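Any value given below was found using the heavy atoms of this structure, including those in side chains, with hydrogens, waters and symmetry copies removed. All values reported here derive from a predicted model rather than from experimental measurement.
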Amino acid sequence: MIVRASQLFLPTLREAPADADAVSHKLLVRGGFIRQVGAGLFSFLPLGWRVHQKVVQIIREEIDAIGGQEMLCPVLTPAELWKTSGRYEITEVFKLEDRAGREFVLPLSHEETFTFHARELQSYKQLPQILYHFSTKERDESRPRGGLLRVREFVMKDAYSFDRDEAGMEHSFQLHAGAYRRIFERCGLQTYEVEAESGIMGGRESWDYLAPTGSGENELVLCENGDYQADREAARGVPRTPDFPESLSAPEDVETPGVATIEDLASFLDVDAAATSKAMPVVTADGRLVLGLVRGDDQLNEEKLTTELESGFRPATDDEIRATFGAGGGSLGPVGVDVEVVADELLRDGQFVTGANRDGWHLRGVEAGRDYQPRFADIRALQEGDRCPICGGTLSIQTAIEVGHIFKLGRHFSERFEARFLDEDGREKLLVMGSYGVGPARTIAAIVEQHHDEHGIAWPEAVAPYDAHVVALPGVEQQAEETAAALDAAGRDVLLDDRDQRAGEKFADADLIGCPIRVTVGKKTLDDGAVDVRDRATGDEHRVPIPELSGKLAGV
RNA sequence: CGGGGCGUAGCGCAGCCUGGUUAGCGCGUCGCGUUUGGGACGCGAAGGUCGCCGGUUCGAAUCCGGCCGCCCCGACCA
């Protein structure tokens, strides 16, 4: 196929839009792949949609290969389905009514609808099943950001597996894990498969696929020796051992005027920050006030505490703090107050400095178990400098984009929808489900984050908008056409830049758009009856006679 | 949801503080000419409800109030 740039809707920009921050956002907009319509809302222009479709096709092939069956469910969904599942209350769900007042939901994924259909599965003989579709998802995000990284509307491939038992679900889950690895590999995207934090739903196992990038919302933890990888939210690191002062037989008051932060406290008392503790009062969804306690040099991991409390929570207000502890924020501690204390595991052994619940005072030598009775849990966030839990190697943290997420759902939805089947033993049982999502747009953003230089994008072949970009310089239009035709005959999709522009501008656009090879046709080369073939990613350039083009392409 | 920033031609911006010609600049666009292997040059031209509504004033892009939109940070570090 040959497409002429002179007739293509391909508005490239010399400068990045002022509101773009992420590299992928800037380059996709500048290259004429996408345009913003509103916050978190993007149109895919012709070139962008070609890339999107290529990613979609790769996903389709890999999911089909594990037995997936493509179908299509509606976006507009009766609210009743969501009330049945219990997800109607989720804040990010878009809700609307028709003119008769009937309630609808715009789904953020399609578990409800697929489970609704799965009720037609009646016998174990029909299992397992993998059903999927590509469809538009809507999310009322509090804050869209980073171009394609977090949006309010996007196409997602979501697949659902239905099995007769856990073993079947495990098998379906592993099939998808394999498919996902192949999908990202084919897209030229480096990803890491990590266990995800299950959060408020609790108990469900899920894996994330994280692509390390320059910008993103996730943090990937990697061991220098390659034997450990995790999402920072769920990562287990081995922290350093604190330098404890001499222990005391009982807590001792110490006056600390004006000391509000851990840093101040450590230097004022001349103790290791790791030998202090930090108290964070929170209020759970059902109104309980809980004191979260972590080591002074640590940070609380909100997800972990949510899991531990089996409830979401918010920070306590100043008034609540004052009423419960009799002191302000900087002087709180677990001793002598009647509140539930959840202490991090690291506070189990040793003596720590804590707030005294008296403004301007702290306590030295506070010991869990002796001076207060906490519930212990792992609620600290992993931090740079922690050691690998497997080999003791150094852990690094880098930003990443979550491009895929696969869940073992179990019977959560089948129970609510009463999606049962008759098993071999004659008993009626609930379907055991899994769900598997991947976003092509996010995948594209991640690919750009991983494959670009200062001039623009360098697409991996499998997802490039066109295989070759033929730059036709003035005076050799005829030969440029012949070159494009030769590439086309060799089965390549060709973008032929036949615009009446200067060479520099065409080269700059070619670099920006990022097709894997650029073929320059100009007077300089024509004496040899040849063209210059340049590899976008490496910059290598070779002169190739036109008749040999199709044969030479593989080894540019 | 909290904080900060921004909104002036297709894109990127200045002007606003200190109100007063016909609202500018660069890029892009259109026409003519010269050019033509890394974003050329000359001449000419088009293109603006200064985000919206209201107020102050003889006079508002500029000052005041309200609203809308967009971006960034935060929504653990008490």
- Message: Counting only Watson-Crick pairs (N1-N3 plus N6-O4 or O6-N4) and G-U wobbles (N1-O2, O6-N3), all under 3.5 Å, who is the partner of B/C13?
- Response: B/G24

- Would you check if A/Y228 and A/R236 make a side-chain contact, meaning some heavy-atom pair closer than 4.5 Å? yes

- Query: Given the P atoms of B/G42 and B/G28, what is the spacing between them in whole Å?
  - Reply: 12 Å

- Task: May I ask you to check whether A/S6 and A/D498 show a side-chain donor-acceptor distance below 3.5 Å?
- Result: yes

Which protein N or O atoms sit under 3.5 Å from an N or O of nucleotides 38-44 of chain B?
from: B/G38; atom 1: O6; to: A/R518; atom 2: NH1; distance (Å): 2.6
from: B/G38; atom 1: O6; to: A/R518; atom 2: NH2; distance (Å): 3.0
from: B/G38; atom 1: N1; to: A/D511; atom 2: OD2; distance (Å): 2.9
from: B/G38; atom 1: N2; to: A/D511; atom 2: OD2; distance (Å): 2.5
from: B/G39; atom 1: O4'; to: A/E505; atom 2: N; distance (Å): 3.3
from: B/G39; atom 1: O2'; to: A/R14; atom 2: NH1; distance (Å): 3.2
from: B/G39; atom 1: O2'; to: A/R14; atom 2: NH2; distance (Å): 2.9
from: B/G39; atom 1: N2; to: A/E505; atom 2: OE2; distance (Å): 2.6
from: B/A40; atom 1: OP2; to: A/R502; atom 2: NH1; distance (Å): 3.3
from: B/A40; atom 1: O4'; to: A/R502; atom 2: NH1; distance (Å): 3.3
from: B/A40; atom 1: N7; to: A/R502; atom 2: NE; distance (Å): 3.1

- Of all of residues 334-351 of chain A, which get a heavy atom below 4.0 angstrom from RNA chain B, listed by number? none

- Message: If we ignore hydrogens and angles and just use 3.5 Å, is the side chain of A/H452 paired with the main-chain N or O of A/V448 as donor and acceptor?
- Response: yes

- Residues A/S215 and A/R145: side-chain donor-acceptor under 3.5 angstrom: no

- Query: Under a 4.5 Å cut-off applied to non-hydrogen side-chain atoms, are A/V51 and A/P465 in contact?
  - Reply: yes

- Task: Rounded off to whole Å, could you give me the CG-to-P distance for the A/L45 and B/G10 pair?
- Result: 18 Å

- Task: Could you tell me whether a side-chain N or O of A/E217 sits under 3.5 Å from a main-chain N or O of A/L149, the two making a donor and an acceptor?
- Result: no

- Message: Roughly how many Å apart are B/C27 and B/C43, using the P atom of each and rounding to a whole number?
- Response: 13 Å

- Query: With a 4.5 Å heavy-atom cut-off, do A/R387 and A/R240 have their side chains touching?
  - Reply: no

- Any sub-3.5 Å donor-acceptor pair from A/D511's side-chain atoms to A/G514's backbone N or O? no

- Task: Could you give the distance separating B/G48 and B/A9 at their P atoms, to the nearest angstrom?
- Result: 10 Å

- Note on the structure: Checking A/F44, A/F9, A/W459, A/F42 against A/F33 for ring pair (Phe, Tyr, Trp, His ring centres under 6.0 Å), the one that qualifies is A/W459

- Task: Going 5' to 3' through nucleotides 68-76 of chain B, assign each nucleotide B (protein heavy atom under 4.0 Å from a base atom), S (under 4.0 Å only from sugar-phosphate atoms) or - (no protein heavy atom that close).
- Result: --SSBBBBB

- Determine the contact category for A/P11: base if any of its heavy atoms lies under 4.0 Å from a base atom, sugar-phosphate if only primed atoms, P, OP1 or OP2 are that close, otherwise nothing. nothing

- Task: Give none if B/C1 has no partner; otherwise give the nucleotide forming a Watson-Crick or G-U wobble pair with it, both distances under 3.5 Å.
- Result: B/G74

- Query: Checking salt bridge (Lys or Arg N to Asp or Glu O under 4.0 Å) for the pair A/D532/A/K524: CA distance, chi angles, key distance, verdict?
  - Reply: CA-CA 10 Å; A/D532 285 331; A/K524 280 188 184 176; over 6 Å; no

- Message: Could you check whether any side-chain heavy atom of A/R543 comes within less than 4.5 Å of a side-chain heavy atom of A/T525, counting everything from C-beta outward?
- Response: yes

- Item | Intermediate values then yes/no, salt bridge (Lys or Arg N to Asp or Glu O under 4.0 Å), A/E402 and A/R150 | CA-CA 10 Å; A/E402 176 193 331; A/R150 175 163 296 269; over 6 Å; no

- Pick the C1' atom in B/C50 and in B/G33, then give their distance to the nearest Å. 36 Å

- Query: Given that both distances must come in under 3.5 Å, which nucleotide forms a Watson-Crick or G-U wobble pair with B/U29?
  - Reply: B/A45

- Toward the 5' end of RNA chain B, which comes first, A/E15 or A/I262, by nearest nucleotide? A/E15

Distances under 3.5 Å only, N/O to N/O: pair up the protein atoms with those of nucleotides 4-6 of chain B.
none

- Task: Return the set of residues passing side chain to side chain contact (heavy atoms under 4.5 Å, CB included) with A/A323 (not counting sequence neighbours), or none when no residue passes.
- Result: none

- Same-atom distance (P) from B/C17 to B/C11, integer angstrom: 26 Å

- Roughly how far, to the nearest 0.5 Å, is CD1 of A/I517 from CZ of A/R536? 13.5 Å

- Task: Test A/D359 against A/R322 for salt bridge (Lys or Arg N to Asp or Glu O under 4.0 Å), laying out the working first.
- Result: CA-CA 10 Å; A/D359 288 334; A/R322 188 59 69 174; 2.9 Å; yes

- Message: Between B/C63 and B/C16, how far apart are the two C1' atoms, rounded to whole Å?
- Response: 10 Å

- Query: Distance between the C1' atoms of B/A23 and B/G15, in whole angstroms?
  - Reply: 8 Å

- B/U56 and B/U62: how far apart are their C1' atoms, nearest whole angstrom? 13 Å

- Message: When you measure from the centre of the six-membered ring of A/Y466, is the NZ or CZ of A/R50 closer than 6.0 Å and no more than 45° off the axis?
- Response: yes

- Item | Stretch residues 471-483 of chain A: residues that reach within less than 4.0 Å of RNA chain B through a heavy atom | A/L473, A/P474

- Task: Report yes if some heavy atom in the side chain of A/I457 is under 4.5 Å from a heavy atom in the side chain of A/I447; otherwise report no.
- Result: no

- Note on the structure: Between NZ of A/K26 and C1' of B/C11 the distance, given in whole Å, is 15 Å

- Item | Pairing partner of B/A61 (Watson-Crick or G-U wobble, both distances under 3.5 Å) | none

